[in-house]
Engineer: 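Attaching a single structure in structure tokens format; questions to follow.
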Amino acid sequence: MRVVVDTEQCEGNAKCMRICPEVFRVDENDKLHILVEQPDEALRQRVQLAVGRCPRQALRLLEE
Ligand code: SF4
């Protein structure tokens, strides 16, 4: 799986970071960084939760 962010939609509210800080980091300028673009399967549940809870629908999970 690969995590993709739509930077136009992301408003940097860090909800994703609170759910899965191993993958998502919002910096002091409210900019989101994907720390691991292809997270380990062990993180799938929380990555999916973060994607689902993004209020801007800025995150997508691609299967490859
Ligand atoms: S939850 Fe969505 S809007 Fe908020 S920082 Fe993460 S990607 Fe951006």
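Start at 1 and go down the list; that is how both ligands and their atoms are numbered. Please read these numbers as outputs of a predicted model, since none were measured by experiment.
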Engineer: Could you check R60 against E63 for salt bridge (Lys or Arg N to Asp or Glu O under 4.0 Å), going step by step and ending with a plain yes or no?
Structural biologist: CA-CA 10 Å; R60 275 196 306 145; E63 302 299 339; over 6 Å; no

Engineer: Testing L32, D6, V4 for side-chain contact (heavy atoms from CB on, under 4.5 Å) with L59, which one passes?
Structural biologist: L32

Engineer: For V23 and V36, which heavy atoms make the closest approach, and how far apart are they?
Structural biologist: CG1-O, 3.8 Å

Engineer: Which heavy atom of L43 sits nearest a heavy atom of M1, and at what distance?
Structural biologist: C-CE, 4.4 Å

Engineer: Give me the protein N, O or S atoms that fall under 2.8 Å of atom 8 (Fe) of ligand 1, sorted by chain and residue number.
Structural biologist: C10 SG

Engineer: Locate the shortest heavy-atom distance separating A58 from Q9; write the atom from each residue and the value.
Structural biologist: CB-CB, 3.8 Å

Engineer: Partners of N13 by side-chain hydrogen bond (donor to acceptor under 3.5 Å, both in side chains), sequence neighbours excluded?
Structural biologist: E11

